[in-house]
Every structure is written in C-alpha cells, then in structure tokens.
Colleague: 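Take this structure first; my questions come after.
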Amino acid sequence: MTDDAGTPGGEGPAGEGPSDFIRDIVAADRARGAWGGRTATRFPPEPNGYLHVGHVKSIALNFGLAQEFGGTCNLRLDDTNPTKESTEYVEAIQRDILWLGFRWSGEVLFASDYFEQLYRWAERLIEQGDAYVDEQSADEIRATRGTLTEPGTTSPWRDRPAAESLDLFRRMRAGEFADGSKVLRAKIDMASPNLNLRDPTLYRIRRAHHHRTGDAWCIYPMYDWAHGQSDAIEGITHSICTLEFEDHRPLYEWFLARLGVVDGPRQIEFARLALTHTITSKRKLLHLVTGGHVSGWDDPRMPTVAGMRRRGYTPAALRAFCARIGVARHNSTIDFALLEHALRDDLNRTATRRLAVLRPLELVVENWPEGHTEAFEAVNNPEDPAAGARRVPFGRRLWIERDDFREVPPKGYHRLSPGKEVRLRYACIVKCTGVDKDPATGEVVRVRCTWDEGSRGGNAPDGRKIKSTIHWVAADHAVPFEARLYDHLFPEDPDAAPEGAPAPGGEGEAWLARLLPNSLEVVTTGWAEPALREAAAGVPYQLERVGYFCLDPDAAPPDRLVLNRTIGLRDTWAKLEQRQQAGKPG
RNA sequence: UGCCGGAUCGUCUAAUGGUAGGACGGCGGACUCUGGAUCCGCUAGUCUAGGUUCGAGUCCUAGUCCGGCAGCCA
C-alpha cells in the first residue's frame, strides 16, 4: 500500500531540482563544515489532531532535506499538553507519514521522553537565577504582561531567593500545590518589546492524565521550554518551523545559551501552507469533526491526510505538489488548482481505466441480435502499455451517460443525437435512429440506434472521422455501484465575508457559516463493467470520460460497490457549454 | 504610537549587481477511439519615490501596504 520513500519531486543539493532558501542555508552550513557536516531535522507535530495538507508541506521539507543531504529526520511528538493529546492521534500521525512515503530515523520520539531532563535543566535555570516560581494567578500574569506598546510590570515573586524557588518548584512537582496556583517563569525582561521575552511561563501545574507518562507528572513544560531543548537533546541541526514562531527565536536561543549548549540547533522559519477553498487549522478541523459537519477526520472532503487518502489522493501527487509550491518566507495562498493538477498528473499516468455510467440512459442497438453477447478488447491504461488489456462484454441493450445524448443538440455538441453517429469506446460505431418517450412526461426513456457492422472494435471501415467517442456498459452484465461525488467544503476564501454581509464585531465561528451546502452528492444509479467487481482498495481507477475514482472503505465487494470520486477529468465541453449559456441573452 | 517579518505575471515561484524565467490558471491552435492525455502558441509581473552604479528585482534612504506577536496552547 505504501509506496517507496524515493526522492520526491525535488533534487535539492544536486542542483538541477527546485531549491529554496532553506536548502540554500543547509547547503551553505555543510559547505562551512558546521555541525561536523551533519544535517539533522525533525518533524514535531503535537498529537492533538490529524495531519493535514499543511503538515504535508512540512513533512516533505524536513524528511526531504534529510534524504537529499544524507542526514536524519526524527519524528517527535510534541506531547506537552495532555489535556488535548491522545494515542489515537499519535497512531494516526505515524500511519499518515508512512503512507506519504517517508521514514523517520530510529524510533518514534516524544517530548515526554525528555520530561526528566527538562525538569533538571529547569532546576539549573533556577539555581542560576534565570527562573523563578511565580505565585500570581493566570489573570494577574496576563494583566501584568503589559501591552504591545507598554512594558509589563515585574511579579512580586520575581526576586525571591533561588533556594526558595527551587524548593517550591520541587514541591510543585511533588504535587503539593493546586492546579494553576503556581508557575515556573524564566527571568528575562518584562520590558522587552518582544512579548515572548517578558518572563515566559516554563511550567504549569496540571493534574491531567498523560497518554504516555500517565500520572507520573502534575507539572508540564510549555512549548518554548520543551521544544528547543528537545531539539538540542536530539542533536538537531536545523529546526524548521512556521513563521508565527519567528518571535520565539530569541527565546529559543536564550534558553540554549543559558544552558551552555554549544553548536546548538538553528531555528529557521518558513511560511505555512494555505490553500484556497479549504482550511488548515487543526482547531477548525476538529470543530468540523466534533460538530458533525463531516463524517470524521477521514471524511474525503477533509484536507487531512486521512481524508485525502480515502478520497483517492496519491502520495506521489502530494509530494509533487510540495515540490512545486516551493518554500518561502512570505505568506501565500496556493490556488487549489495546483493541487488538482498534481493529482491529475499522477492519476493519469497510473490509474486503471474502466467503463462505467453514472446516470444511465438506455441505448438499444436494433440490429444487434437479441441475447447475443460479444466481448471487445479494451486497454487498461493508454499511458502504460504494461497495464495490458481486458475484454468488455457488449450486447443489444446498453447503458450510456444521459449527458451523452441530446434530442436537440446545442451548437458544438458532438455526442449522440437523432441521425448522428458516435463511437462506443472500444466497441463500434452506432447511428441514432430514434427515441422512445414517456407519453406522460415527454421524457426520453430510451434511445435507439444501429451499429455499423464493419466497425467492430471501434474502427471506421472507410476511415471516416467520428467526432465523438462515448462510454457505455452492457446492461445484461452491468454491476451496480454507488458514487460519491465531492466538491469543495468552502468557497475560495473561507474567511472572507460574502458580499453585503459584513461581520459585526466579534464574529465567533463565522467561517462555519461559509460551509458549502453541496460538497457531497451521492449517486446511486451507477452501472459499471464487470471488471470493476474486482476493484481493490488503494488502487486508483479512471472511469473513462467521467473521472478518477477509488473504492471507499464503506464498500463490501462483491455485493456493495462504493466509489469515491477523487477528482473529475478536465471537462472542456462543460466549460464551453457554460460559457455559451452565459453568453446567451436572458 | 511597540517589536519582528514580508512585498516579482491572476496564483505560486526563480533570477544571489549583468537578457525578469518556470509552473498553475486563462485564451487560441494541432493531434486524438477518453471534448482526457500530449504538443505548440498567446496572455501577464519587479509596491511607491528618491539615491548609489556603466548597469538595480537585487544595494542605500524614506514611505505605502500586508502578515505575526499581549495562552498557565503549540
């Protein structure tokens, strides 16, 4: 199921592939001989949700760097807040990274592995006079932090003797104090223009069961304290994170300096991924899940790795996408079309072709003998001769796509209509001889045609050009299936208030109101060729002229076939027709 | 009125003082047993104003605009 961890998209240091400012930095560091020529990165997710497409960018960067430079990349779960984290997430994260085709160096690591070391270092900070136990409440600490333009004020406990702080800190660990009653703070500068340096909190008391350490601890380190030191413990050279941590870098470096870490890691920030038509906020994604707006973290409409996997996205497409978007230091929003391009590009090369009809219309071949079945050869993938061919049964009664017949064809319509010829893919050329209508509604219920007996296999005996080739399924051999068609969960910019609806004051979860109503359409009328009965999980299919599909886990072959539409084919005609209609006065 | 960071075709991204290039999108065409794929072409950009320089997207100065920061979240 998982494919090779081969080199994704870019070449990096070799030179010919895409590069970016981070690869440049790493290359320069290596050229300088820094860190003894080592390159060590890490991917440090917090296990408080599933990985999404934004993480994929970070994964591709960190693991990619290690691959390209012959370095290492650790997987470290940043599990310092037990109230939000769980083993379910820990496991999902590993599964997703492996599926993407990356392998971490050594064992899976956890920030919680370092709790004891972190604690000892904190005691050292206290002894050095670089940290103190503060007994102010959270509210008081907030109130005395100052504002963006005004300095904060110092805590009354700031200058207590180190021995007293040390004693208190040990008793904090021992569980002598109530949650929230005390914290350990770094003693830096309450007047710093960088708020992160205004005596940041290092430890808080939280009696919460940790998914790994259980009840061993009642104090937990904060991100700033845990992260850099974890990097240092692991010998990370380049600690890559997103732009919002830029202001934390001075703090990151301050801790390292106070602990006397030489040759410590270097923090480098890059712009997180933003995509049109979607959200990449774990908080919001969690809200979609818990609020029942989607079926779960792996809902195929979700931008999560699990969702994309279920939807039929491929690891190769995701990696190619990451190589394409680059890495930079300024915020940007990638057009979703770029992801779709990468997806189609991969799927076109790899997907197994099949014939299936979503919305059937009966087609009767009047000069085909009743009860006679013949099989035509159809190639499995025109992009890949090695994929071979199969035989598809053909009969007098067929299903064709409703869209492929028009009683009154619009301008430029090349498909079937009365008196017109069309090729049935891989089978033969047919000419429409008439239609049967429901006398009550006037609706076309059946299309009649005759086939050109010289066109067996689909080739015109006289070499005449046939404008259109359509797909079909023999009714007597058709396999029913359910198709789930997905569309964007959100409009282009989920955070933009729609025209004429300005958000007054605080708008709470306004983005939720922007959830699109028709992101899921279930079509239960599908008929597929028999070969689809053997559809396998994790294999991409192209239903010719319809789109790319994959088997959904809800399917229970051979009795119940459920196909997810990964993405449609480019549809030039639909675009043309839309434009024609829009152009008409009305 | 604080600090940090950023600004190149519609979007993303190169050009590291020397011809502003690529990708996606859009538009047009060729080809085609998928109106798919493929191929070809077109479209379109250096935030502004000064300065340095033979030469500036790149360096300097001053602006403008955008993003981040006031969790005992990460």
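Residue numbers start from 1 in every chain, and the chains themselves are labelled A, B, ... in the order their sequence lines are given, proteins ahead of strands.
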Colleague: B:C40 and B:C31: how far apart are their P atoms, nearest whole angstrom?
Modeller: 15 Å
Colleague: CG of A:D493 versus P of B:C66: gap in Å, rounded?
Modeller: 15 Å
Colleague: Look at the side-chain N and O atoms of A:H330 and state whether any lies under 4.0 Å from the OP1 or OP2 oxygen of B:U13.
Modeller: yes
Colleague: Roughly, in whole Å, what's the span from CZ in A:R283 to C1' in B:G71?
Modeller: 14 Å
Colleague: Does the pair A:D231 and A:R42 meet the rule for a salt bridge (charged side-chain N to carboxylate O under 4.0 Å, His left out), with working shown?
Modeller: CA-CA 8 Å; A:D231 284 343; A:R42 100 269 93 115; 3.7 Å; yes
Colleague: Counting heavy atoms from C-beta on, name the nucleotide in B:A74, B:C69, B:C72 closest to the side chain of A:N81.
Modeller: B:A74
Colleague: With both distances kept under 3.5 Å, what pairs with B:C47, Watson-Crick or G-U wobble?
Modeller: B:G63
Colleague: Below the 4.0 Å mark, does B:C27 have OP1 or OP2 next to a side-chain nitrogen or oxygen of A:R579?
Modeller: yes
Colleague: Once you apply a heavy-atom cut-off of 4.0 Å, does A:R329 come out as touching a base, just sugar-phosphate, or nothing?
Modeller: sugar-phosphate
Colleague: Rounded to whole angstrom units, what separation is found between the CZ atom of A:R353 and the P atom of B:G36?
Modeller: 13 Å
Colleague: Could you please spell out the steps behind the side-chain hydrogen bond (donor to acceptor under 3.5 Å, both in side chains) verdict for A:N74 and A:E234?
Modeller: CA-CA 8 Å; A:N74 294 344; A:E234 295 176 14; 2.8 Å; yes
Colleague: Looking at A:F110, I'd like to know if the NZ or CZ of A:R212 sits under 6.0 Å from its six-membered ring centre while staying within 45 degrees of the ring's axis.
Modeller: yes
Colleague: Whole angstrom is fine here: how far is it from CG in A:N196 over to P in B:C4?
Modeller: 13 Å
Colleague: Under the 5.5 Å and 30° test, is A:Y223 stacked on the base of B:A74?
Modeller: no
Colleague: In whole Å, measure the gap between the C1' atoms of B:C72 and B:G10 for me.
Modeller: 45 Å
Colleague: Hey, does the side chain of A:T276 come within less than 4.0 Å of B:U11's phosphate (OP1/OP2), counting only N and O?
Modeller: no
Colleague: Among B:C12, B:C72, B:G35, which is the nearest nucleotide to the side chain of A:R415?
Modeller: B:G35
Colleague: For the residue pair A:Y50 and A:Y89, categorise the inter-ring angle as parallel (less than 30°), tilted (30 to 60°) or perpendicular (more than 60°).
Modeller: perpendicular
Colleague: Answer yes or no: does a side-chain N or O of A:R145 lie under 4.0 Å from OP1 or OP2 of B:C72?
Modeller: yes
Colleague: With a cut-off of less than 4.0 Å, is there a side-chain N or O of A:R344 near OP1 or OP2 of B:G36?
Modeller: no
Colleague: What residue among A:E377, A:E401, A:E544, A:E529 forms salt bridge (Lys or Arg N to Asp or Glu O under 4.0 Å) with A:R425?
Modeller: A:E544
Colleague: Among the nucleotides B:A70, B:G35, B:G10, which one has an atom lying closest to any side-chain atom of A:T469?
Modeller: B:G35
Colleague: Respond yes when some side-chain nitrogen or oxygen of A:T572 is under 4.0 Å from OP1 or OP2 of B:G36, and no when none is.
Modeller: yes
Colleague: Does the structure place the NZ or CZ of A:R173 under 6.0 Å from the centre of the six-membered ring of A:W217, at an angle of no more than 45° from the ring's axis?
Modeller: yes
Colleague: Can we call the ring centroids of A:F169 and A:Y132 under 6.0 Å apart?
Modeller: no
Colleague: Are A:H248 and A:Y252 close enough that their ring centres sit under 6.0 Å apart?
Modeller: no
Colleague: Once you apply the 3.5 Å cut-off to both distances, tell me the Watson-Crick or G-U wobble partner of B:C42, or none.
Modeller: B:G26
Colleague: Which of these nucleotides, B:C73, B:G5, B:G10, is closest to any side-chain atom of A:E246?
Modeller: B:G5
Colleague: Distance check: side-chain N/O of A:R570 vs OP1/OP2 of B:C24, anything under 4.0 Å?
Modeller: no
Colleague: With C1' as the reference atom in both, quote the distance from B:A30 to B:G36 in angstrom, rounded to an integer.
Modeller: 16 Å
Colleague: Hey, is the side chain of A:K282 poking within less than 4.0 Å of OP1 or OP2 on B:C73, counting only N and O atoms?
Modeller: no
Colleague: To the nearest angstrom, how far is A:L51 atom CG from B:A74 atom C1'?
Modeller: 14 Å
Colleague: Is B:U58 paired to anything, Watson-Crick or G-U wobble with both distances less than 3.5 Å, and if yes, which nucleotide?
Modeller: none
Colleague: Would you mind reading off the distance between A:N48 atom CG and B:G71 atom C1', rounded to a whole angstrom?
Modeller: 14 Å
Colleague: Give A:E577 one of three labels, base, sugar-phosphate or nothing, depending on what nucleic acid heavy atoms sit under 4.0 Å from its own.
Modeller: nothing
Colleague: Using a cut-off of strictly less than 4.0 Å, decide whether A:R206 has a side-chain nitrogen or oxygen near OP1 or OP2 of B:C73.
Modeller: yes
Colleague: Less than 3.5 Å between a donor and an acceptor, one on the side chain of A:E340 and one on the base of B:G25, is that the case here?
Modeller: no
Colleague: Using the C1' atom in both, what is the distance from B:U58 to B:G26, to the nearest Å?
Modeller: 30 Å
Colleague: Compare the minimum distances between each of B:C72, B:G2, B:U11 and the side chain of A:T201, then state the nucleotide with the smallest one.
Modeller: B:C72
Colleague: Over how many whole Å does the gap from A:I205 atom CD1 to B:C73 atom P extend?
Modeller: 13 Å
Colleague: Among the nucleotides B:C24, B:C69, B:G36, which one has an atom lying closest to any side-chain atom of A:L338?
Modeller: B:C24
Colleague: Just name whichever nucleotide pairs with B:C69, Watson-Crick or G-U, keeping both distances under 3.5 Å, else none.
Modeller: B:G2
Colleague: Whom does B:U52 pair with, Watson-Crick or G-U wobble, provided both distances fall under 3.5 Å?
Modeller: none
Colleague: Using atom P in both nucleotides, what's the gap between B:A49 and B:A56 to the nearest angstrom?
Modeller: 15 Å
Colleague: Name the closest nucleotide to the A:E544 side chain, picking from B:U32, B:U34, B:G25.
Modeller: B:U34
Colleague: Could you check whether A:H248 gets within reach of a base, just the sugar-phosphate, or nothing at all, counting any heavy atom under 4.0 Å?
Modeller: base
Colleague: Distance criterion of 3.5 Å, no angle test: do you see the side chain of A:D247 paired donor-to-acceptor with the base of B:G68?
Modeller: yes
Colleague: What about A:H52 and A:W297, are their ring centers closer than 6.0 Å?
Modeller: no
Colleague: For the side chain of A:D24, starting at C-beta, report the closest nucleotide among B:C27, B:A23, B:U16.
Modeller: B:U16
Colleague: Ring centres of A:F21 and A:F270 under 6.0 Å apart?
Modeller: no
Colleague: Which listed nucleotide (B:G2, B:G35, B:C72) is nearest to the side chain of A:M222?
Modeller: B:C72
Colleague: Output yes when at least one side-chain N/O atom of A:K467 is less than 4.0 Å from OP1 or OP2 of B:U32, else no.
Modeller: no
Colleague: Can you find a side chain N or O atom of A:S468 that sits less than 4.0 Å from OP1 or OP2 on B:U34?
Modeller: no
Colleague: Could you tell me how far apart A:K84 (NZ) and B:A74 (P) are, to the nearest whole angstrom?
Modeller: 8 Å
Colleague: Find the partner of B:U19: check Watson-Crick (N1-N3 plus N6-O4 or O6-N4) and G-U wobble (N1-O2, O6-N3) distances, both under 3.5 Å, and reply none if neither fits.
Modeller: none
Colleague: With respect to the side chain of A:S332, which nucleotide from B:G35, B:C12, B:A74 is positioned closest?
Modeller: B:C12
Colleague: With P as the reference atom in both, quote the distance from B:G57 to B:U16 in angstrom, rounded to an integer.
Modeller: 12 Å
Colleague: Are the ring of A:H341 and the base ring of B:A23 both nearer than 5.5 Å at their centres and tilted by less than 30°?
Modeller: no
Colleague: May I ask you to verify if any side-chain N or O of A:R545 is less than 4.0 angstrom from the OP1 or OP2 atom of B:G35?
Modeller: yes
Colleague: Sticking with atom C1', work out how far B:C65 lies from B:U46, rounded to a whole angstrom.
Modeller: 16 Å
Colleague: Rounding to an integer number of angstrom, what distance separates B:A20 and B:A14 when you compare their C1' atoms?
Modeller: 9 Å
